Undergrad: 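Input: one structure, supplied below.
For clarity, every value in this text was computed on a predicted model and none was experimentally measured. Each chain gets a letter, A, B and so on, in the order its sequence line appears, and its residues count up from 1.
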Amino acid sequence: MNLTTKRTLGVVAAVAISFGSVVATSAQAAPKSVTLAFESPLTGSEAGLGQDELLGTQTALYEYNLTNPTVKVNLLTADDQADSSQSPGVALGLAQNKAVIGVVGSCCSGATKAAFPAFKAGRLTVISPSATNATLTDPKSSVNGFPFFHRVAATDAFQGPALARYANKGITSPKDYLIDDASTYGAGLKALSTPSLKKAGVSIVGSDTVIAPATDYSATASKVVASHANVVIYFGYYSDAGKLKKALDLAGYKGAYASGDGTDDLGYITSAGKESAQGTLITSQSVPFELAAPASVLADFTKATKLASPASHAYVTQAYNATNVFLQCIKEGHTTRSSIQSCVATETFTDVTGAKFNFTRYGDIAQGAPVGAYIVKDNDIIPVGNA
Amino acid sequence: MNFAVVGSQFFPLLINGLALGFIYVLVSVGYTMVYGVLRLINFANSEIFMLGTFATSIVSTTVFKFNIDSHPSHGMKLLLVLLCCLLASMVTSAVVAVLVELIAYRRLRTKGANRLGSLISAIGTSIVLSEGVRILTHSIPVASPRVLSKFYVFKIHGVGLRIDQMLTIVFGFILFFAVDRFVTKTRLGKAIRAVSMSEENSRLMGINLNRVISLTFLIGGLVTGAAAFMYMTVYEQTVFNVGFNIGIAAFTAAVLGGIGNLRGAFYGGLALGLAEEFFSVLLGSQWKEITVFVVLVLVLLLRPNGLFGEAVQQTRV
C-alpha cells in the first residue's frame, strides 16, 4: 500500500467514522417517544369541562398512533381543578418533567393565567382549547402568555358582544341584570359584554358579583326581581350558573337567562334541575364535534373514547385541533421544547374540517373563530347556529 | 347602599334569612354543646354536617330512585321519603359524631393530653373526613333531585312562604326548643350541664363522664344531621367541602351568640342568617362575608363573650 492509497483510505475512514458518529448522534437525538400533557379540571366542580376536552385529545392521539409513527406520543393528564391556586403547582410539575414537550390546556382562564410563570420558566408551549379571557393574548397586558401560550378558540372579545346579542335577541325593551362570579373569566367576559349592551341600547338595571362557589343565591335573586329585569346574564361557570337559575325561579323571576361558554356543560342541567334549566341561552366558542368532524373521525372518536357520540360534549373539536397542532410538529421531527415552540409559532395547521390556520404572534388563531349559539332543551344543550 | 331593594324585598329577604339562620342555629348547637362540656372546638362538626347532606342525597337517589327526570313526590310517599332522608341524615351524623369522639378525642382526654393535642386531632379528623369524601366523589358536586315540590304555603301581595322554608323554620325551631328543654329539664341534660360547670365535681357526684360526653356528641350529631337534611331540602346540592363555609358560619354564629351558651347559638345563628341576606342586598354580594366578620369583631370588642355569653369560667350548656 503506497502513501497515496494510505492517505485515501485514511480520509475515507475518517469520513466514515465522522458519518457514523453523525448518524449515531442523530439516532440518539430523535427520541422514540415524547410526552404531551393534558392539563384541565378532571375533578372538582368544573370537571365536566376538562373531561369533555380530554375526549378530543384522546381521539387525536388514537388517530396518530394508528399511523404507526416513528416517535410514540405518551399522554400525561394533570388535574388543576380549574383552580388558580392549584394550577401553578400542577404547571410547575409539568415544566420540571423533562419528558413533557407540550401542554394541551387548561380549559379555564384563571387557572391558565396562574400557570404562566411556571410554563414560561420551563419554556413549555401551551395550547388551550377554551381559555377565552382576552388578556391572555393581549400584548398590552402584563400577564399575557407570550410567547408560549396559544389557543384555538375565539377570545371573549368576540364572545362578549355575541353573548350580549344572543341574550337580548327578540326581546322588546330589554332590561338586563348582570351577575359575575369574580373569576378571571367571569369578570372579564362581563367587562367585554357591557359595552355591546350599552351600544345596543339595552337598559342595564342592575349588577352583582357573587364569589363562586356560593351556597345561597336568594339575596341576588331578590335583587333581580326588585329590578324588574327581563334578561339575566350570568358570567361564570356551570355549577354556580345552575344554582343561580334555581334561586331565580324560586324567587319568581320569569325572564330570559343567558350565560357564556363556562356554562356549556351538561352539569349545568344537573345543577339547575331539568325544569329550571329549560330555555337557558348559552354562547360558546365550542364547535360541535359531531357537526365539524367527517365520518371517519367520528368513527375514531367512538373507538378512542368508547362513547357513541360526541354530542353535548363541549370543546372536543378545539381539544382535537390543539392536540393535532403538537402532533403535526412531532411528525415533522420537532421533539424538543424549543423546536416545538418554533413550529407552533410559525407553521400552518389543518383543523378537523380541513381548514388551514396559523397563530398570530401573541397566540390567537389568525383566521378568527366563530361563536356558537346554544339553548337548553330537555337534557341537552342544542346548537342553534352562530350567536 | 341599596335601601330601595331592601324596602321592596323586605319579607322575602327576611324569610330567606330566617331559613338560612335556622340551619346555622342547628349546626352551631353542635359546636356549642361540645365546647360546653369539653372546652374544645369540634372542627369535625362541619364534616359531620357534610356527611349528613350526602346521606340525604344517597337515600333519595338510591333507595327511592329519584333522578334528573323525576317529578317531586306527593302525599304519603313524600312523607315517607322526607322521613327516611331525615332519619338517614340524623343517624349518619350522630354515628360519625360519636365515633369521632371515641377515636379522635377520648384517649387524648383520658390520658390528660394537652388541649393543643385535642385541637390538632379535631382539625385532623375534619381533614380526613373531607378528603375521604373528596376522593370518593372526585370533588364533583352532587345535585339532589327535587323531592319536595316548592309551592307557596301562602302568598299575600306577592309575598309568600315556601314549603321548604316553612319546614326549615318550623322544624328548626321545634328541634332547638326540644334540645333546650332536654338540656335544662331532664336528668341527662342536667348531667351535661353539671359536666360543663365542673368536670371534677361531676365525677365526685357519680356522673359517668364518658357517657355524658358521648351523649353530648350524639345530640350534637343528631341536630347537625337535621340541619344537613334541611340544607338539602332548600339548596338541593352538596359537595365534599360544603361543610367548610357552613361550619365557619355556624362557628361564627356560636361565637357571636356566646359559645357554650345554647340560647346564644340560637340568636347568633338567626342574626348571622339575616345579616348575610340583608348585607348582600345593601352592599352587594361580594361584601357579604366582609361585613359579617366586621360586625362580629365589633360585637366581640364590645362584648368579648358574645351577645349572650357569660365569662368563660361560668359558661353553661
Undergrad: Check for a donor-acceptor pair, side chain of A:Asp208 on one end and backbone N or O of B:Ser285 on the other, with a separation under 3.5 Å.
TA: yes
Undergrad: When only pairs under 4.5 Å are counted, which of A:Ile211, A:Asp216, A:Val210, A:Thr220 shares the most heavy-atom pairs with chain B?
TA: A:Asp216
Undergrad: Against chain B, label A:Ile179 side chain, backbone, both or neither, depending on which of its atoms sit under 4.5 Å from a heavy atom there.
TA: neither
Undergrad: Pick whichever of B:Val239, B:Val5, B:Asn245, B:Asp69 has the most heavy-atom pairs under 4.5 Å with chain A.
TA: B:Asp69
Undergrad: If I measure from the heavy atoms of chain B, does A:Gln81 come under 4.5 Å with its side chain, its backbone, both, or neither?
TA: side chain
Undergrad: Can you say whether A:Asp79 sits under 4.5 Å from chain B via the side chain, the backbone, both, or neither, judging by heavy atoms?
TA: neither
Undergrad: Drop me the distance from B:Gln165's CD to A:Ser218's OG, to the nearest 0.5 angstrom.
TA: 8.0 Å
Undergrad: Which region of B:Gln237, side chain (C-beta onward) or backbone (N, CA, C, O), has a non-hydrogen atom less than 4.5 Å from a non-hydrogen atom of chain A, or is it both or neither?
TA: side chain
Undergrad: Against chain A, label B:Glu236 side chain, backbone, both or neither, depending on which of its atoms sit under 4.5 Å from a heavy atom there.
TA: both
Undergrad: Is chain A contacted by the side chain of B:Tyr152, its backbone, both, or neither, given a heavy-atom distance below 4.5 Å?
TA: side chain
Undergrad: Could you tell me which of A:Ala219, A:Ala251, A:Gly206 has the largest number of non-hydrogen atom pairs under 4.5 Å with chain B?
TA: A:Ala219
Undergrad: Does the side chain of B:Arg146 reach to within under 4.5 Å of the side chain of A:Lys246, using non-hydrogen atoms?
TA: yes
Undergrad: Counting only non-hydrogen atoms closer than 4.5 Å, does B:Leu20 touch chain A with its backbone (N, CA, C, O), its side chain (CB onward), both, or neither?
TA: side chain
Undergrad: Please report the interatomic distance CD(A:Glu275) to CD1(B:Ile68), rounded to the nearest 0.5 Å.
TA: 11.5 Å
Undergrad: Is A:Ala47 close to chain B through its backbone or its side chain, or both, or neither, when contacts mean heavy atoms under 4.5 Å?
TA: side chain
Undergrad: Looking only at heavy atoms and a cut-off of under 4.5 Å, which of A:Gly267, A:Ala226, A:Gly44 has the most pairs with chain B?
TA: A:Gly44
Undergrad: Give, for atom CZ of B:Phe278 and atom OG of A:Ser222, the distance between the pair rounded to the nearest 0.5 Å.
TA: 9.0 Å
